[in-house]
Amino acid sequence: MSTDALAGLKVLDLSWVVAGPLIGRTLADFGATVVRVESSVRVETARLMQPFHGGVQDKEGSALFGNCNAGKLGLTLDLKSEEGQQVVRDLVAWADVVVESFSPGQLRKWGLDYETLCAGKPDLVMLSTSIAGQHGPWSTLAGFGNVGSSLSGFQHLVGYEDRLPMGTFGPYTDYVGPRLALVTLLAALENRRRTGEGAYIDVSQVEAGIYFLSPQVAQFGYDGTIAERQGNRDQQYTPHGVFGCRQVAGKDRFVAVVARDTAEWRALAKAMSRPDLADRADLATVEGRRAAQDEIESAVAAWTSGLAATEVERVLQSAGVPAHLAVTSDDYPADSQLAHRGHLVELPHPRHGTTWVEGPRYALSDTPGRPRGAAPTLGQHNEMVLTEILGYDAERVAVLTEGGILR
């Protein structure tokens with residue numbers, strides 16, 4: 001009996017960069033066969049994004065691409081050609097699922113849209129992910145997750161109230177969109193199992209982002225309050241912030257600290273050797289502490305500035321105050337919790353010897369997932385996909401190769 005939750009599932013991945021590929025990556029982790037189609041001529045953007053193995057830009061060396069596409073089979077194809085489009089149609093006939101992230105309308109121009117494909121395969125499950133969805137006045141807007149973050153409201157909300165917006169780091173909606181898309185896709189597959197019917201799933205990154213601002217949207221609907229930037233402060237807890245600590249090897253380090261109630265606040269004040277703050281009557285309520293936010297934050301910052309972030313973390317956690325150093329990329333490999341859960345996985349790589357990717361986000365007891373191999377190099381599995389999966393003979397493969405279709 002297979003221990004893979006998605007054993008036997010066949011997936012055609014026509015997506016690129018992050019939002020689409022992360023969906024296929026998760027399916028591959030749990031046993032699906034995922035064929036990733038891309039071009040070696042119009043190179044996929046993620047292959048050109050840092051960080052790179054050895055710090056040298058190389059389309060076969062991007063850690064981002066490697067992380068988003070581990071465990072997939074790689075096929076290079078000229079999708080603008082009729083011959084290349086026919087290969088895709090053959091792959092659709094093989095597949096249970098198609099994931100794509102082209103600009104809305106592009107697949108229709110090639111005759112590869114859902115309406116056309118499902119006419120010959122009514123049980124096809126197809127998922128399209130784009131910035132604003134497949135229809136509507138903003139549907140043709142192209143962009144990456146930073147655009148989605150702006151349109152969903154995050155860019156306006158992140159930063160300090162007296163400064164320009166900072167925005168979330170990186171393409172935020174590229175990472176939240178796949179989480180919602182994945183559960184919808186699995187539901188569509190379960191419905192197909194029960195009814196034999198396919199489905200078309202239209203994922204809007206903007207709407208996925210808005211979902212994570214539901215409290216702010218709901219409050220506006222209730223009383224008209226427009227959410228504004230407030231730095232690291234919180235509407236409910238005081239103090240609630242990130243404070244500078246002593247530098248380590250010339251690098252700034254920070255620690256996050258919060259007091260959720262009066263008991264934690266007093267424990268924090270005592271840990272800072274500030275009994276005067278711990279005993280003040282006006283700071284015994286959250287309302288009082290909110291009124292004195294500037295004073296409290298200055299006191300915490302003055303205390304943390306002379307200590308290492310790890311020391312602040314140790315002292316406050318021992319006192320029962322929630323605190324943790326603000327981790328950097330350098331901290332992750334040594335993080336004991338991530339190591340215990342196998343978050344980082346070393347894999348053999350045909351070009352680099354080995355590479356590292358993140359493990360599955362989901363720890364299933366009976367059917368645990370795992371990355372099945374490094375992301376494919378360009379065209380790595382062309383022959384395997386064409387001959388073993390599609391059953392093409394050597395002559396047909398040669399024609400495609402000589403015609404420049406497999407590039």
Side-chain angles (χ1 to χ4, degrees), residues 153-154 156-163 165-170 172 175-176 211-219 225 227-248 251-332 334-338 341 343:
F154 279 94
H156 173 74
L157 286 177
V158 179
Y160 294 90
E161 59 185 352
D162 58 344
R163 307 178 200 174
M166 294 169 58
T168 50
F169 176 78
Y172 181 74
Y175 292 90
V176 300
Y211 175 83
F212 285 88
L213 291 176
S214 294
Q216 290 80 4
V217 173
Q219 185 171 4
T225 298
E228 298 291 350
R229 295 183 294 283
Q230 56 182 349
N232 292 308
R233 288 179 172 178
D234 184 80
Q235 293 290 338
Q236 185 176 358
Y237 304 131
T238 299
H240 181 286
V242 177
F243 302 92
C245 299
R246 192 174 66 218
Q247 287 189 337
V248 175
K251 295 183 179 180
D252 292 333
R253 297 308 305 258
F254 302 87
V255 66
V257 179
V258 59
R260 297 169 296 180
D261 53 35
T262 301
E264 289 182 356
W265 156 244
R266 286 174 173 160
L268 169 61
K270 291 177 180 178
M272 296 191 300
S273 299
R274 292 294 304 269
D276 56 315
L277 295 179
D279 296 337
R280 269 176 51 177
D282 64 317
L283 302 183
T285 65
V286 67
E287 292 78 16
R289 292 193 295 278
R290 284 185 58 80
Q293 280 189 110
D294 290 342
E295 179 186 1
I296 289 174
E297 289 177 356
S298 294
V300 176
W303 177 64
T304 62
S305 65
L307 299 172
T310 51
E311 177 66 6
V312 174
E313 176 188 82
R314 184 191 64 79
V315 169
L316 292 185
Q317 288 184 4
S318 297
V321 179
H324 202 286
L325 65 87
V327 298
T328 68
S329 298
D330 288 344
D331 296 323
Y332 282 115
D335 187 284
S336 58
Q337 177 68 14
L338 295 180
R341 292 180 60 84
H343 182 78

* Asked: Arg289 and Thr262: side-chain contact (heavy atoms from CB on, under 4.5 Å), yes or no, with the steps?
  -> CA-CA 9 Å; Arg289 292 193 295 278; Thr262 301; 3.4 Å; yes
Counting only N and O atoms by type, is there a donor-acceptor contact under 3.5 Å from the side chain of [X] to the main-chain atoms of [Y]?
X	Y	value
Glu313	Leu325	yes
Arg253	Arg246	no
Arg229	Gly159	no

Is any side-chain heavy atom of [X] closer than 4.5 Å to a side-chain heavy atom of [Y]?
X	Y	result
Val257	Leu316	yes
Trp265	Leu277	yes
Val315	Leu307	no
Leu283	Arg266	no
Asp330	Lys251	yes
Gln317	His324	yes
Thr310	Val248	no

Using distance only, find each side-chain donor-acceptor pair of residues 296-306 under 3.5 Å and give its atom names and separation, not counting sequence neighbours.
residue, atom, partner, partner atom, Å
Glu297, OE1, Arg233, NE, 3.3
Glu297, OE1, Arg233, NH2, 3.0
Glu297, OE2, Arg233, NE, 2.8
Ser298, OG, Asp294, O, 2.9
Thr304, OG1, Gly244, O, 2.8
Thr304, OG1, Val300, O, 3.3
Thr304, OG1, Ala301, O, 3.3
Ser305, OG, Ala301, O, 3.4
Ser305, OG, Ala302, O, 2.9

* Closest approach of Ala319 and Ala267, non-hydrogen atoms and distance? ->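 So the two residues come closest at O-CB, 3.7 Å.
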* To do: First locate atom CG of Leu268, then atom NZ of Lys270, and finally report the distance between them rounded to the nearest 0.5 Å.
  =>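 Output value for this atom pair is 11.5 Å.
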* To do: Please assess Arg290 against Gln235 for the test side-chain contact (heavy atoms from CB on, under 4.5 Å), listing each intermediate value before the final yes or no.
  => CA-CA 9 Å; Arg290 284 185 58 80; Gln235 293 290 338; 3.9 Å; yes
* Going by the angle between their ring planes, with limits at 30° and 60°, are Phe212 and Tyr172 parallel, tilted or perpendicular? -> perpendicular
